[in-house]
Visitor: 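One structure follows; several queries about it will come next.
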Number of protein chains: 2
Amino acid sequence: MSRPKPALRRLSADALALIARRFAVLAEPMRLRLLHALFPGEKSVGELVTLTGGTQANVSRHLQTLAQAQLLARRKEGLQVFYTISDPSIFPLCELVCGSLEKSHARQRKLVAAGG
Amino acid sequence: MSRPKPALRRLSADALALIARRFAVLAEPMRLRLLHALFPGEKSVGELVTLTGGTQANVSRHLQTLAQAQLLARRKEGLQVFYTISDPSIFPLCELVCGSLEKSHARQRKLVAAGG
DNA sequence: GCTTTATATGCGTGTGTGCGCATATAAGGA
DNA sequence: TCCTTATATGCGCACACACGCATATAAAGC
């Protein structure tokens, strides 16, 4: 039996500001590309530079931002640093947003197809 | 190359940019306050101004941003405009982020308590 | 028509932040 | 020690955007 009311949290303005900051971390395309590249598993900075096509400096900075937000974990091994997704909530989060966007886009395509 | 985890989406850079934009919409404290105020149900702009304590102009602008992102629906009735959450994925999205943040903060509190 | 009420928008400013460039730090090899 | 490789960081610029203020639009009442 599913819940009749999905237990709405009461959130303070401060809590909402924290949530906003978390969303802001996810609001950059390059950071999402890095997270997406890390979906299959741990990668070094160099690998991520190759996979995303970004500059080394930029990739490094974004990785730091993601790690600071507790989304990534850092592991040093010799000359290389390996990053891995440390917050599994990223996966369902992406699923939710993707599903929602697919619906929105289906609506938009309908309007466009209708000549609106 | 077998894929043991077929649940992961393969996303283009364009798709990731769209997802980033969606997160950016959610990355503003005032917009989250508006969404939170709308959790119980439909409200007019004036009510939202009172509830959030923002200026009328600012609230109106943010509501427009949220509506443009397909997160809110608009209904006009006489002099008033009523907004309501039109994308139910907001609720589990908030749950995920809140849960994740609670874990992060528990970790941080631990470190602080340990004198780190 | 004019006035009042509810909502939306144009403009200017300040701030945050992403990016490129160059350079710094760290680790390993000769 | 010096050099190479892998990663991180300081600096400067440019762009996006949130906010406040004033004003514009829209609807209802007189």
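The chains referred to below are lettered A, B, ... by the order of the sequence lines, with proteins before strands, and numbering in each begins at 1.
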Visitor: In chain order, what residues pass the side chain to side chain contact (heavy atoms under 4.5 Å, CB included) check against B/Arg21, with sequence neighbours excluded?
Guide: B/Leu18
Visitor: Among residues 14-25 of chain A, which contact DNA chain D at a heavy-atom distance under 4.0 Å?
Guide: none
Visitor: Treating primed atoms plus P, OP1 and OP2 as sugar-phosphate and everything else as base, which nucleotides of nucleotides 25-30 of chain C get B, S or - for protein heavy atoms under 4.0 Å?
Guide: -SBS--
Visitor: Residues in side chain to side chain contact (heavy atoms under 4.5 Å, CB included) with B/Val49, at least two apart?
Guide: B/Val45, B/Gln56, B/Val59
Visitor: Going by atom types alone, do A/Asp87 and A/Ser89 pair a side-chain donor with an acceptor below 3.5 Å?
Guide: yes
Visitor: Go through the structure and list residues passing ring-ring contact (aromatic ring centres under 6.0 Å, His included) with B/Phe82, not counting sequence neighbours.
Guide: none
Visitor: If you look only at pairs with a residue in residues 57-80 of chain B, which of them pass as a ring pair (Phe, Tyr, Trp, His ring centres under 6.0 Å), with sequence neighbours excluded?
Guide: none
Visitor: For chain B and DNA chain D, what are the first and last nucleotides along the strand, 5' to 3', with at least one atom under 4.0 angstrom from a heavy atom of the protein chain?
Guide: D/dA18 to D/dA28
Visitor: For A/Leu51, enumerate each residue passing the side chain to side chain contact (heavy atoms under 4.5 Å, CB included) test, keeping only those at least two apart in sequence or located in another chain.
Guide: A/Ala37, A/Lys43
Visitor: Going by number, which of residues 26-35 of chain A have a non-hydrogen atom under 4.0 Å from DNA chain C?
Guide: A/Glu28, A/Arg31
Visitor: Please work out which residues in residues 54-66 of chain B have a non-hydrogen atom less than 4.0 Å from an atom of DNA chain D and list them by number.
Guide: B/Thr55, B/Ala57, B/Asn58, B/Arg61, B/His62
Visitor: Show me the protein contacts with nucleotides 12-14 of chain C, counting only N or O atoms at under 3.5 Å.
Guide:
none

Visitor: Report the residues that fulfil side chain to side chain contact (heavy atoms under 4.5 Å, CB included) with B/Ala57, sequence neighbours left out, ordered by chain and then residue number.
Guide: B/Thr55
